[in-house]
Novice: 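Have a look at this one.
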Amino acid sequence: MSQSHNHSPSSAYRAPLYFGAMAALIIAVGFIQSWNSALFILNMGLISAIMALGVNLQWGFAGLFNVGVMGFVALGGLAVVLVSTSPVGEAWQAGGPRVLFALMLGVGTIIGAILLWKKLAKGRIRALIVTAWIVAGFFLFRAVFDPAVAAIEAINPAISGNLGGLGLPVLIAWPVGGLFAAGAAWLVAKTALGLRSDYLAIATLGIAEIIIAVMKNEDWMGRGVKNVIGLPRPVPYEIDLQQSEWFIGMMQSIGADPVTASSIFVKLCYAGLFLAVILLLITAMQLALNSPWGRMMRAIRDNEVSSEAMGKDVTGRHLQIFVLGAAICGLAGAMMTTLDGQLTPASYQPLRFTFLVWVMVIVGGSGNNWGAVLGGLFIWFLWVEVEPIGRFLAQVLTSGLADDSGIKEVIMDRMVYIRPLTMGLVLLFVLRFNPRGLLPER
Amino acid sequence: MDILNALVAFANFVLVPGTAYGAQLALGALGVTLIYGILRFSNFAHGDTMAFGTMFTVLITTAMQSAGISFGPMPTALLALPFAILCTMALVLATDRAVYRFYRKVKAAPVMLVIVSMGVMFVMNGAVRMFVGTDDRRFADGERFIITARDFKSMTGLSEGLAIRTTQAITVLVAIIVVAALFWFLNRTRTGKSMRAYADNEDLALLSGINPERVVTITWLIVAALATIAGTLYGLDKSFKPFIYMQLLLPIFASAIVGGLGSPLGAIAGGFVIAFSEVTLTYAFKKVVTYLVPETWAPEGLVQLLSTDYKFAVSFAILIIVLLFKPTGLFKGKSV
């Protein structure tokens, strides 16, 4: 951002050229490895692109530094479980209403504390009363909450042990995931916005860890580390396709193996859904960013002081864009969990879900939505492919050693970690030599 | 009512581990706060710098052990530590020359440096795991305990034991020595004073002829030493597991901010505030309460305020409270 490069007149062709190259890379994977892996890269790449769009909205258009992407993505995943799985009737009877009541008590305690703080006169007595109120509220909450949780988790722990969801179609979970993330983002932003940018970063880092901790430990909600598998799908199942007349007929007419074709067909359905979401999002974002609102956002990013002097509510606008960006990350999280068909809280790692998304945004070009999409696709491609490439290189380099030599085994074993190493190097090189990214903001 | 036993139980499970953990956090937070004060950015790579330093210690310790060098009842890692510090210093200086220096020259915004440090974090994280893998390594050797619970019981005749591990005592001792040396350096030496002058007012410091590059270099050297010591002490006390160090980033940052970013004294206070809150709020007080109340009142549950899995939530909650009510931290750190 500190440097500006003059781009050649060819910059108009830049975007189509890069997207063409990206498509060629994915097609090459299809020919060299398999179409299943190519479509896997494409689908997760599209989801990563949506995460990158969310972060780009916050960073590229408002200069907000969010390192809690992982938390918002995970909340989206939780939404899928809470919306689409079928409710566990017995568990609801055992403690459902009581848990809800306890949660209301908890929220009531916090709201009451805020009201007390505002209403009472300043001084030591106020601090004492509010502290006493919070402590009392905490113990009351635990007294109502703990037995209910124990009752719910005791019901059939091997297969459920949680309250289950609402049993609604899984596509409804996508916007709900966005709402969950938006709610969490609002809470963080309310406390940390308006302070130094580093503080927002630390606060988001913290909230992400807490969201993951809650998801791992509150078994009554999403089964915690026992995971939820077999989530409903918005697309047909492979096994149904393989048994349906029309699909077999269609595949025979083009001469494809129905088993492989069914899995490719399912992935293509997902790709279609994801593409539709991306196009919708980009259209909405481009319209918003070219409107007076978007110009105001950029003005605020480029000079907060003068925007404030013009009477713009900088903190208010920041709050708005932070919540919107987080909602997009939540949406992407819900889509990812739907694609995976399972929720595994232990699999959320900050390196993969927060910092990798940042690499996508910076490499793609912060402040450019198409850049974010390209960055999402390309960095995801690298993340997946760098390991086999590294393995191949290591194989060549160590070809002098016997296959069972200890050194070779260790090197092969450790090749997994070439991923973060490469990503870091890519990030550093792009920041240093091309800080505006592949597709710079105009 | 058995106040003495209750006190011993409290000391054994809260006071001693909390003090050791607090000392480790304080050393980590000192590194973060120094970088913040002099280079003016939040260094996200600090956790992984600690991991790197500890990795050097582990590797050198292993080499020493296989060469038959030992430190008697003390852990061999203490002998390896100075060498590990030198290695980390070289690494950190090389990183500064190759990466950070450019952004100082172009006077990049602090947030750019934060993003750059994210890249460094990625590289270091991958490199550590490529070098030593992700296994849990225990590298503490020598005498395990100064006082074991059983010795303590037979010595005092109490029914509760107080165990003090060698690593805990070493942690506290080393931390005291390091902090004393650091404060002596910052307050008494010319170089230390020039560092403080630079942190306070960059322009004025430049005007009076302080060489900024020299200040930055010395800061990195000190930070490398602090990170290696903090990481090694944490690893000795618990175990060396590369990804744990990245998770330490949150409590370390929380300590630095709670104390006031840029204030060394604050970092130490913050470290202990965070450590004791974490340990106290996640400790199951059943034993202590049982000693204190009449027998019929003995609690049925664990009397644990929060499950240990929520220890990050504790540092986070304290951080939020401080941000809301005293954004400059306990010891008036840098501006908000």
Side-chain angles (χ1 to χ4, degrees), chain A residues 1-3 59 63 65 67 127 138-139 142 146 187-188 191-192 194-199 201-203 205-210 212-214 216-217 224 349-351 354-356 358-359 362 366 410-411 413-432 435, chain B residues 36 41-42 44-45 98-99 102-103 106-112 114-116 118-134 242-243 246-247 249-251 253-254 256-257 261 301 305-307 309-313 315-317 319-321 323-325 327 334-336:
Chain A
M1 289 174 64
S2 52
Q3 278 185 328
W59 167 247
F65 194 56
V67 276
F138 178 78
F139 282 106
R142 286 290 297 264
D146 289 357
L187 285 178
V188 188
T191 42
L195 302 169
R196 289 185 44 96
S197 60
D198 309 49
Y199 285 8
I202 311 292
L205 189 75
I207 197 81
E209 288 294 346
I210 289 176
I212 300 298
V214 169
K216 277 185 186 164
N217 291 299
Q349 301 291 336
L351 221 50
T354 295
F355 298 111
L356 193 66
W358 269 92
V359 180
I362 303 277
S366 38
V410 167
I411 290 179
D413 204 40
R414 304 269 168 80
M415 260 308 148
V416 194
Y417 310 119
I418 199 170
R419 284 177 165 175
L421 191 75
T422 335
M423 290 307 132
L425 288 176
V426 167
L427 179 63
L428 289 178
F429 274 102
V430 169
L431 280 172
R432 176 79 160 76
Chain B
Y36 189 86
F41 73 96
S42 306
F44 272 71
V99 182
F102 168 77
Y103 298 94
V106 299
K107 298 225 179 307
V111 70
M112 270 321 267
V114 179
I115 296 180
V116 170
M118 228 159 68
V120 173
M121 175 191 84
F122 251 117
V123 174
M124 284 187 169
N125 193 288
V128 168
R129 292 201 269 177
M130 279 187 101
F131 285 139
V132 291
T134 47
F243 82 90
M246 211 173 99
Q247 292 189 336
L249 207 55
L250 183 64
F253 268 117
I257 293 179
L261 264 179
L305 290 174
L306 283 171
S307 127
D309 303 294
Y310 286 128
K311 59 179 187 207
F312 290 122
S315 17
F316 184 71
L319 180 70
I320 290 294
I321 292 171
L323 285 187
L324 281 177
F325 296 107
K334 288 264 167 182
S335 63
V336 177

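Since we're looking at a predicted model, the values are computed, not measured. Reminder, nothing fancy here: chain letters follow the sequence lines and each chain counts from 1.
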Novice: Measuring only between side-chain heavy atoms, which start at C-beta, is Phe65(A) closer than 4.5 Å to Ile115(B)?
Specialist: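 The answer is yes; the side chains approach within 4.5 Å.
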Novice: Look only at the side chain of Tyr310(B) and the backbone of Ile210(A), and say whether a donor-acceptor pair between them is shorter than 3.5 Å.
Specialist: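 No: the side chain of Tyr310(B) does not pair with the backbone of Ile210(A).
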Novice: Hey, which of Leu205(A), Ile362(A), Leu425(A), Ile207(A) has the most heavy atom pairs under 4.5 Å with chain B?
Specialist: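 Of Leu205(A), Ile362(A), Leu425(A), Ile207(A), Ile207(A) has the most heavy-atom pairs under 4.5 Å with chain B.
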Novice: Which bit of Val416(A) is near chain B, if near means a heavy-atom gap under 4.5 Å: side chain, backbone, both or neither?
Specialist: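 Val416(A) has no heavy atom closer than 4.5 Å to chain B.
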Novice: So, for Pro350(A) and Met246(B), which heavy atoms are closest and what is the spacing to 0.1 Å?
Specialist: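 Residues Pro350(A) and Met246(B), closest heavy atoms: CG-CE, 3.6 Å.
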Novice: Taking the side chain as every heavy atom from C-beta outward, state whether Leu431(A) and Phe102(B) have any pair of such atoms under 4.5 Å apart.
Specialist: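 No - every pair of side-chain heavy atoms lies 4.5 Å or more apart.
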Novice: With rounding to the nearest 0.5 angstrom, report the CD to CD distance, Gln247(B) to Gln349(A).
Specialist: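 So the gap between those two atoms works out to 7.5 Å.
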Novice: Using heavy-atom distances under 4.5 Å, tell me whether Arg142(A) contacts chain B through its side chain, its backbone, both, or neither.
Specialist: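 Answer is side chain: those atoms of Arg142(A) sit under 4.5 Å from chain B.
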Novice: Which atoms form the tightest heavy-atom contact between Leu261(B) and Tyr199(A), and what is the distance?
Specialist: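 So the two residues come closest at CD1-CE1, 3.6 Å.
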Novice: Against chain A, label Val128(B) side chain, backbone, both or neither, depending on which of its atoms sit under 4.5 Å from a heavy atom there.
Specialist: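 Nothing of Val128(B), per the 4.5 Å heavy-atom cut-off to chain A.
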Novice: Given that the side chain runs from C-beta out, which part of Val214(A) has a heavy atom under 4.5 Å from chain B: side chain, backbone, both or neither?
Specialist: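 Contact with chain B is through both the backbone and side chain of Val214(A).
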Novice: Taking all non-hydrogen atoms of both residues, which atom of Phe122(B) and which atom of Leu356(A) are closest, and how far apart?
Specialist: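 Shortest heavy-atom separation between Phe122(B) and Leu356(A) comes out as CZ-N, 3.8 Å.
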Novice: Glu209(A) versus Phe316(B): any side-chain heavy-atom pair under 4.5 Å?
Specialist: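 Answer no - side chains too far apart.
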Novice: Check each atom of Leu319(B) against the heavy atoms of chain A and say whether the ones under 4.5 Å are side chain, backbone, both or neither.
Specialist: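 Answer is side chain: those atoms of Leu319(B) sit under 4.5 Å from chain A.
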Novice: Output the option from Pro251(B), Ala98(B), Gly133(B), Pro110(B) having the highest count of non-hydrogen pairs under 4.5 Å with chain A.
Specialist: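 So the answer, after comparing Pro251(B), Ala98(B), Gly133(B), Pro110(B), is Gly133(B).
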Novice: So what's closer than 4.5 Å to chain B heavy atoms on Leu427(A): side chain, backbone, both or neither?
Specialist: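 Interface part for Leu427(A): side chain.
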Novice: Verify the neighbour count for atom CZ of Phe139(A): are there more than 12 heavy atoms of other residues, nucleotides or ligands below 6.0 Å?
Specialist: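 Open.
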Novice: Applying side chain to side chain donor-acceptor pair (under 3.5 Å), name anything that partners Asn217(A), two or more places apart in sequence or on another chain.
Specialist: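 Testing Asn217(A) for side chain to side chain donor-acceptor pair (under 3.5 Å), a comparison that skips the adjacent residues, returns none.
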Novice: Which one wins on heavy-atom pair count under 4.5 Å against chain A: Asn125(B), Ile320(B), Ile257(B)?
Specialist: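 The candidate making the most pairs under 4.5 Å is Ile257(B).
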Novice: Chain A heavy atoms under 4.5 Å from Met121(B): which part of the residue, side chain, backbone, both or neither?
Specialist: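 Side chain only.
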Novice: Can you confirm whether Leu421(A) sits close enough to Arg129(B) that some side-chain heavy atom of one is under 4.5 Å from a side-chain heavy atom of the other?
Specialist: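 No. Closest side-chain heavy atoms not under 4.5 Å.
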Novice: Testing the basics here: between Leu428(A) and Val116(B), what is the closest heavy-atom pair and its distance to 0.1 Å?
Specialist: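 Nearest pair, atom of Leu428(A) first, then Val116(B): CD2-O, 3.6 Å.
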Novice: Do any N or O atoms from the side chain of Arg414(A) and from the backbone of Phe131(B) form a donor-acceptor pair under 3.5 angstrom?
Specialist: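 Checking the backbone N and O of Phe131(B) against the side chain of Arg414(A), a donor-acceptor pair under 3.5 Å is found.
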Novice: Which pair of non-hydrogen atoms, one from Gly126(B) and one from Pro420(A), has the smallest distance, and what is that distance?
Specialist: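 Of all heavy-atom pairs spanning Gly126(B) and Pro420(A), the closest is CA-CG, 3.8 Å.
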Novice: Can you see which heavy atom on Phe44(B) is nearest to which on Ala201(A), and at what distance?
Specialist: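 The answer is CZ-CB, 4.1 Å.
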